[in-house]
Participant: 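To start, I am sharing the structure in question, which I have written as structure tokens.
Heavy atoms only: backbone and side chains are in, while hydrogens, waters and symmetry mates are out.
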Amino acid sequence: MKKINIHLLGLIALVAVFLQSGEVCAKRTTSSIVIDALSGDVIAQHNADELRYPASLTKLMTLYLTFNALERGDIELDDELKVSRFAANREPSKLGVKAGETIKVKDAVMALIIKSANDCATVLAENLGGSEAEFAKMMTQTAHDLGMKNTTFKNASGLPNRQQKTTARDMAILGSAVYHHFPEYYDLFSATKFTYKGKTYYTHNHLLKKYKGADGMKTGYTSAAGYNIVTSAERDGRRVIAVTMGHDSIKSRDLKVAQLMNKGLKAQPAHRIYAKLELPSFSEDITASGDNHLWGIQIGAFSNYIKARNYALNIQSEIHLPYAQKTEINVEPASKGSAIVYRAQLVGLAKNEADKTCYSLKKANKSCIVVEVSDSQHIAMVNK
């Protein structure tokens with residue numbers, strides 16, 4: 001009996017050594033996808049619908065909702081946000097804001113992008129949603145509205161929660177939505193550093209320096225999630241968005257996403273990640289309308305006129321509706337604080353036509369709202 005115990009102890013010790021060295025540990029699987037950013041075509045994918053923990057990729061949705069609030073005028077970049085004790089006590093990575101202090105929206109945004117600060121993610125969530133739990137519900141609903149059907153958010157930062165899950169495909173959809181819906185804020189993701197209270201912080205996204213054309217978006221890591229990244233790059237007028245998740249090291253993650261972007265920037269698209277813009281099924285005649293007013297759809301707000309017009313031209317060419325070609329492009333400057341933004345619109349529709357066009361766009365993950373054309377716009381169109 002003693003001899004058996006000795007052999008058993010020896011076997012246990014040997015297994016323990018192997019476990020510590022990782023030789024008998026199960027190899028972590030990965031998920032990845034790369035899409036054409038303009039069309040949404042999937043160029044390559046692997047385990048793209050496998051459920052995974054997003055880690056700090058979660059912050060992309062926190063930023064999406066923040067940008068949306070900025071665009072609606074609910075908040076401004078220079079607004080001061082209150083810091084609660086709960087936010088201040090969030091686990092690192094964190095900026096180190098103190099309970100009772102305030103932080104500007106623009107500093108909280110940059111802290112998420114550069115530092116991946118969990119405390120600032122909670123600050124944004126509480127100020128925009130009332131509580132982080134309520135904000136997480138908003139995040140999940142927005143995800144589902146965007147077509148991220150396999151995503152559930154439980155907090156604004158990506159701190160571990162077993163119910164907080166997503167997929168590489170869903171993260172590609174989110175990355176595309178951030179890029180297309182908020183072009184006036186997308187440039188923030190290309191920043192490599194920011195300074196707060198005299199201290200400079202540097203980005204975790206090394207591809208911004210190492211990969212030609214890379215200009216965002218977000219990295220993430222927890223022990224359960226592994227190393228994740230959503231990133232985008234543009235070369236020669238073509239842009240791709242790539243996602244890879246579940247890596248054992250930063251090096252393997254960055255190597256994989258670089259390979260994905262290389263393939264995406266060279267290859268022809270394979271199939272679409274989003275539905276084509278087609279006529280939705282309605283029972284009423286699309287041309288019937290008793291409304292003599294002129295209507296349109298607003299499809300985005302941009303930092304300059306050229307961006308606004310080019311985006312409107314792209315959307316106009318993609319709409320597969322019988323009355324799409326009669327629309328006119330209107331770019332309308334508007335004050336936003338001390339800045340000027342340019343609203344891109346497609347106008348010249350009846351009310352029901354505008355409703356159906358906007359519905360079709362939303363089905364294809366494109367942002368829009370129905371707007372009534374003013375008399376001055378109408379006169380300008382007639383005089384063209």
Side-chain angles (χ1 to χ4, degrees), residues 30-50 52 54 57 60-61 64 142-151 166-183 186 189 207 211-218 228-245 253 256-280 299-300 307 310-321 324 344 346 357-368:
T30 62
S31 296
S32 62
I33 191 170
V34 58
I35 68 170
D36 182 284
L38 181 60
S39 67
D41 290 341
V42 176
I43 299 164
Q45 60 182 313
H46 172 71
N47 293 336
D49 296 309
E50 189 173 280
R52 294 189 172 274
L57 301 189
L60 276 179
M61 180 56 81
Y64 183 95
T142 301
H144 295 172
D145 290 344
L146 291 173
M148 300 166 63
K149 61 182 181 180
N150 293 313
T151 296
T166 191
T167 66
R169 189 184 308 277
D170 281 3
M171 280 292 131
I173 291 173
L174 178 56
S176 182
V178 169
Y179 173 74
H180 285 294
H181 296 178
F182 304 109
Y186 180 75
F189 290 98
L207 288 166
Y211 190 90
K212 181 182 177 182
D215 54 13
M217 297 181 176
K218 190 74 189 72
N228 302 338
I229 192 169
V230 176
T231 193
S232 183
E234 183 177 20
R235 291 182 189 170
D236 301 323
R238 184 173 186 186
R239 175 175 293 278
V240 295
I241 293 171
V243 181
T244 191
M245 306 176 73
R253 178 199 69 191
K256 178 62 179 179
V257 84
Q259 291 171 345
L260 287 168
M261 290 192 294
N262 284 341
K263 187 171 186 177
L265 290 165
K266 294 175 183 176
Q268 291 298 316
H271 57 278
R272 301 181 70 84
I273 193 172
Y274 309 126
K276 290 183 180 179
L277 306 186
E278 295 174 345
L279 178 65
I299 51 180
K307 285 184 178 180
N310 286 345
Y311 184 68
L313 283 167
N314 286 333
I315 294 297
Q316 187 183 49
S317 68
E318 290 180 13
I319 301 174
H320 297 186
L321 294 173
L346 297 178
T357 304
C358 199
Y359 177 84
S360 180
L361 285 169
K362 287 180 177 179
K363 283 186 68 176
N365 192 36
K366 305 290 186 183
S367 177
C368 72

Participant: Kindly write out the residues that satisfy salt bridge (Lys or Arg N to Asp or Glu O under 4.0 Å) with D145, not counting sequence neighbours, or none if the list is empty.
Facilitator: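 With neighbours one apart ignored, the set is empty.
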Participant: Identify the heavy atoms of V34 and G264 that sit nearest to each other, and give their distance.
Facilitator: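 Scanning both residues, the minimum pair turns out to be CG2-CA, 4.2 Å.
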Participant: Can you name the one residue among D215, D36, D41 that meets salt bridge (Lys or Arg N to Asp or Glu O under 4.0 Å) with R239?
Facilitator: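 Answer after filtering D215, D36, D41: D215.
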Participant: Kindly write out the residues that satisfy ring pair (Phe, Tyr, Trp, His ring centres under 6.0 Å) with Y186, not counting sequence neighbours, or none if the list is empty.
Facilitator: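 If we apply the ring pair (Phe, Tyr, Trp, His ring centres under 6.0 Å) test to Y186, skipping adjacent residues, the hits are Y179, F189.
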Participant: Nearest 0.5 Å, what's the CG-OG1 distance between L174 and T142?
Facilitator: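 Answer rounded to 0.5 Å: 10.0 Å.
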Participant: Roughly how far, to the nearest 0.5 Å, is the CD1 atom of I315 from the NZ atom of K366?
Facilitator: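 It is 4.5 Å, given to the nearest 0.5 Å.
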Participant: Identify, with sequence neighbours excluded, every residue that meets ring pair (Phe, Tyr, Trp, His ring centres under 6.0 Å) alongside H181.
Facilitator: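 By the ring pair (Phe, Tyr, Trp, His ring centres under 6.0 Å) rule, H181 matches Y64.
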Participant: Distance from K149 atom NZ to D49 atom CG, nearest 0.5 Å?
Facilitator: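 Rounded to the nearest 0.5 Å, the NZ-CG separation comes to 7.0 Å.
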Participant: Can you find a heavy atom in the side chain of V230 that is under 4.5 Å from one in the side chain of V178?
Facilitator: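 When only atoms from C-beta onward are counted, V178 and V230 do not touch, as no gap falls below 4.5 Å.
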Participant: Output all residues satisfying side-chain hydrogen bond (donor to acceptor under 3.5 Å, both in side chains) with N314, sequence neighbours left out; order by chain, then residue number.
Facilitator: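 Not a single residue meets the side-chain hydrogen bond (donor to acceptor under 3.5 Å, both in side chains) criterion with N314.
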Participant: Please report the closest heavy-atom contact between A37 and S176, naming both atoms and the distance.
Facilitator: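 Smallest heavy-atom distance, with atoms named: O-OG, 4.0 Å.
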Participant: With side-chain contact (heavy atoms from CB on, under 4.5 Å) as the criterion, how do L146 and M61 come out once you've worked through the C-alpha distance, each side chain's angles and the decisive distance to 0.1 Å?
Facilitator: CA-CA 11 Å; L146 291 173; M61 180 56 81; 4.1 Å; yes
Participant: Provide the closest heavy-atom pair for M171 versus P54 in the form atom of the first, atom of the second, distance.
Facilitator: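 Where M171 meets P54 most closely, the heavy atoms are CE-CB, 4.5 Å.
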Participant: Give, for atom CG of L361 and atom CD1 of I319, the distance between the pair rounded to the nearest 0.5 Å.
Facilitator: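 The CG atom of L361 sits 4.5 Å away from the CD1 atom of I319.
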Participant: How would you list, by chain and number, every residue that makes a salt bridge (Lys or Arg N to Asp or Glu O under 4.0 Å) with R52, sequence neighbours excluded?
Facilitator: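 Once residues adjacent in sequence are excluded, the partners of R52 under the salt bridge (Lys or Arg N to Asp or Glu O under 4.0 Å) criterion are E50.
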Participant: To check you understand the geometry: which heavy-atom pair defines the closest contact between Y211 and A258, and what is its length?
Facilitator: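 Reported closest heavy-atom pair: CE1-O, 3.8 Å.
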Participant: So which heavy atom on G147 is nearest to which on I173, and how close?
Facilitator: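 Closest pair (atom of G147, atom of I173, distance): O-CD1, 3.6 Å.
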Participant: Could you measure the distance from the OG1 atom of T167 to the CD atom of Q45? Nearest 0.5 Å is fine.
Facilitator: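 That separation rounds to 10.5 Å.
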Participant: Who passes side-chain hydrogen bond (donor to acceptor under 3.5 Å, both in side chains) against T151, sequence neighbours left out?
Facilitator: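 Partners of T151 by the side-chain hydrogen bond (donor to acceptor under 3.5 Å, both in side chains) criterion, ordered by chain and then number, come out as T166, D170.
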Participant: Please test T30 against K256 for side-chain contact (heavy atoms from CB on, under 4.5 Å), starting from the C-alpha separation and ending with a verdict.
Facilitator: CA-CA 10 Å; T30 62; K256 178 62 179 179; 5.8 Å; no
Participant: Do S232 side-chain atoms and V240 backbone N/O form a donor-acceptor pair below 3.5 Å?
Facilitator: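 Confirmed, S232 side chain pairs with V240 backbone.
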Participant: Does any N or O in the side chain of S32 come within less than 3.5 Å of the main-chain N or O of V243, such that one atom is a donor and the other an acceptor?
Facilitator: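 Between the backbone of V243 and the side chain of S32 there is no qualifying donor-acceptor contact (under 3.5 Å).
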Participant: For side-chain contact (heavy atoms from CB on, under 4.5 Å), just list the numbers for N150 and R169, CA-CA rounded to whole Å, side-chain angles, deciding distance to a tenth of an Å, and then say yes or no.
Facilitator: CA-CA 9 Å; N150 293 313; R169 189 184 308 277; over 6 Å; no
Participant: Please report the C-alpha distance between T244 and L260 in whole Å, then the side-chain angles of each, then the deciding distance to 0.1 Å, and finally whether the side-chain contact (heavy atoms from CB on, under 4.5 Å) criterion is met.
Facilitator: CA-CA 9 Å; T244 191; L260 287 168; 4.2 Å; yes
Participant: Can you see which heavy atom on A48 is nearest to which on I33, and at what distance?
Facilitator: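 Heavy atoms of A48 and I33 come nearest at CB-CD1, 4.2 Å.
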